[in-house]
Number of protein chains: 2
Amino acid sequence: MPPEKQRRLTPAGKRVLDTASELFYREGLHAIGVEGIAQAAGVTKKTLYDCFGSKDDLIAAYLRNRDERWRSWLTGFVDRQGGAPSEKLLSTFDALAQWQQKENARGCAFVNALAELPDTANPGRAVIAEQKTWMLEYLTALASEASLPAPATVARRLFLLQEGALAAHGTGVPGDAMEFAKSTAAALVDTAHRIPDSGEGR
Amino acid sequence: MPPEKQRRLTPAGKRVLDTASELFYREGLHAIGVEGIAQAAGVTKKTLYDCFGSKDDLIAAYLRNRDERWRSWLTGFVDRQGGAPSEKLLSTFDALAQWQQKENARGCAFVNALAELPDTANPGRAVIAEQKTWMLEYLTALASEASLPAPATVARRLFLLQEGALAAHGTGVPGDAMEFAKSTAAALVDTAHRIPDSGEGR
DNA sequence: GGATAACTATACCGGTAGGTATATACGTTT
DNA sequence: AAACGTATATACCTACCGGTATAGTTATCC
């Protein structure tokens with residue numbers, strides 16, 4: 001399947017989405033206004049509203065777009081690295097570290113968005129839940145391929161560790177959160193063979 | 001030392017701080033305005049500004065206040081539980097779970113605040129850094145008391161795990177993040193005895 | 001009884017928020 | 001040649017933002 005995932009966006013619409021993605025992540029959802037986004041994208045507010053309808057919908061589109069980029073980056077990275085299934089499980093930590101390095105290191109965009117979207121009815125909330133669910137499932141699938149005795153348990157452990165590493169990388173405490181998370185993950189995978197098999201997994 | 005930590009606040013000032021604490025955490029820093037806080041506290045805007053000077057300073061006061069409440073809750077909980085040092089290390093996870101249960105379960109207030117305070121010069125940023133640093137040091141001290149071969153390593157591992165559990169509890173994925181984090185911590189402490197001692201720790 | 005501190009009430013400031021209206025221009029497509 | 005989609009420019013709406021100013025009230029302390 002070619003990367004033809006674009007949601008049929010006009011050139012101006014794409015510019016708005018790209019600009020919004022950067023500004024929302026860097027400045028925060030409430031801190032930047034639609035006027036500022038339109039201006040930075042070289043587009044009038046009218047065009048922005050024609051393409052996205054409302055700010056909340058633009059926020060949801062931003063989260064969806066970021067999730068897509070993250071998924072393709074992550075799966076591409078893991079496939080490129082190759083190696084044994086258990087090594088793939090660990091290389092997700094390298095993918096995360098490099099992703100944060102090329103981005104603005106402000107932690108998890110979805111956790112940050114959640115902090116600004118207390119209303120469960122907000123369209124962005126569903127995207128956030130989807131992103132986290134997908135990530136956990138992806139780790140579970142990798143853990144299954146590695147034929148560990150309790151794949152779902154290992155996956156959840158590594159998932160928690162990644163969430164923590166992302167948050168810690170944002171706050172800067174401890175300074176080496178990313179590398180450190182990987183070594184912890186390695187320790188967890190190593191001891192995973194001793195987890196009693198409770199018949200869980202997929 | 002008696003709990004005489006109050007920063008000499010007038011009754012109206014205390015009401016403002018309590019109200020702001022709840023609203024900032026529940027709604028978000030930018031989502032609620034000073035007018036709304038003053039109104040909810042039954043106070044005029046003048047009084048609020050006489051007591052706190054600016055919204056940014058009120059935010060910093062909120063974070064400081066919450067950090068103080070958290071520290072005394074955590075240390076009190078751990079001391080009350082008692083047990084062997086390694087059991088104390090694990091009971092921090094119970095403290096965290098119960099803390100989130102009695103609060104509004106919106107994840108870590110400091111991580112959430114960070115998401116809305118991109119400016120490193122904001123007075124709140126220093127409070128966030130302090131909170132995370134203190135927490136890591138507290139875990140390191142407990143790990144030292146447990147005479148584990150590499151206390152700083154175990155502490156950082158558990159720290160990452162707690163950060164992750166907090167974030168995951170906020171997003172709701174996985175559903176049982178809190179209990180699950182504790183069992184993972186138990187596994188980490190259990191294998192900690194096999195960590196090669198690199199002469200670190202305190 | 002006079003000063004001081006803690007407070008209320010109200011009105012105001014410039015700026016910006018999200019969102020809408022109207023009218024115009026440029027290409028394609030048909 | 002007409003119609004449509006994409007975009008522009010500009011002006012406007014109501015509502016609220018953080019913050020300030022002025023004046024008056026209440027209670028306590030010395």
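The basis for the numbers below is simple: all heavy atoms, side chains too, and nothing from hydrogens, waters or symmetry mates. Labels below follow one simple rule: chain letters A, B, ... track the order of the sequence lines, proteins then strands, and each chain is numbered from 1.
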- Message: Among C:dG19, D:dT20, C:dC7, which nucleotide has an atom closest to any side-chain atom of B:Tyr49?
- Response: D:dT20
- Nearest-Å distance for atom pair CD1/P, residues B:Ile37 and D:dG19: 11 Å
- A:Leu48 CG - C:dT20 P separation (whole Å): 12 Å
- Task: Could you check whether B:Gly42 gets within reach of a base, just the sugar-phosphate, or nothing at all, counting any heavy atom under 4.0 Å?
- Result: sugar-phosphate
- Task: Compare the minimum distances between each of D:dG19, D:dT8, C:dG18 and the side chain of A:Thr47, then state the nucleotide with the smallest one.
- Result: D:dT8
- Message: Pick the closest DNA chain D nucleotide for A:Thr10 and for B:His30 by heavy atoms, then say which residue is nearer the 5' end.
- Response: A:Thr10
- Item | Which nucleotide in D:dG19, C:dA9, C:dA17 has an atom nearest any side-chain atom of A:Glu35 | C:dA17
- Picking from C:dG18, D:dA7, D:dC17, which would you name as closest to the side chain of A:Pro11? D:dA7
- Round to the nearest Å and state the distance from B:Asp50 atom CG to C:dT4 atom P. 17 Å
- Query: Is there a donor-acceptor pair closer than 3.5 Å between any side-chain N or O of B:Arg106 and the backbone N or O of B:Glu27?
  - Reply: no
- Item | Which nucleotide in C:dG18, D:dA9, D:dA7 has an atom nearest any side-chain atom of A:Cys51 | D:dA7
- Work out which heavy atom in A:Ala113 is nearest to a heavy atom in A:Leu63; give both atom names and the distance. CB-CD2, 3.9 Å
- Round to a whole Å and report the spacing from NZ of B:Lys14 to P of C:dC7. 13 Å
- Item | Passing option when A:Asp94 is tested against A:Arg80, A:Lys182, A:Lys88 for salt bridge (Lys or Arg N to Asp or Glu O under 4.0 Å) | A:Lys182
- Taking CG from B:Asp56 and C1' from D:dC17, how many angstroms apart are they, rounded to a whole number? 13 Å
- Of A:Leu29 and B:Lys45, whose nearest nucleotide on DNA chain C comes first from the 5' end? B:Lys45
- Just wondering, more than 12 heavy atoms not from B:Gln39 lying within 6.0 Å of its CD? no
- Message: Just the rounded figure in Å: distance from P of C:dT16 to NZ of A:Lys55.
- Response: 14 Å
- Measure from the side chain of B:Lys46, starting at C-beta and using heavy atoms only, and say which of D:dT10, D:dG19, D:dT22 lies closest. D:dT22
- Query: Closest nucleotide of DNA chain C for B:Gly13 versus for A:Ile32: which of these residues is on the 5' side?
  - Reply: B:Gly13
- Query: Can you tell me how far C1' of C:dT8 sits from CZ of B:Arg15, to the nearest Å?
  - Reply: 11 Å
- Closest heavy-atom pair, A:Lys132 versus A:Cys108, reported as atoms and distance to 0.1 Å, is NZ-SG, 3.1 Å
- C:dA5 P sits how many Å from B:Leu9 CG, rounded? 17 Å
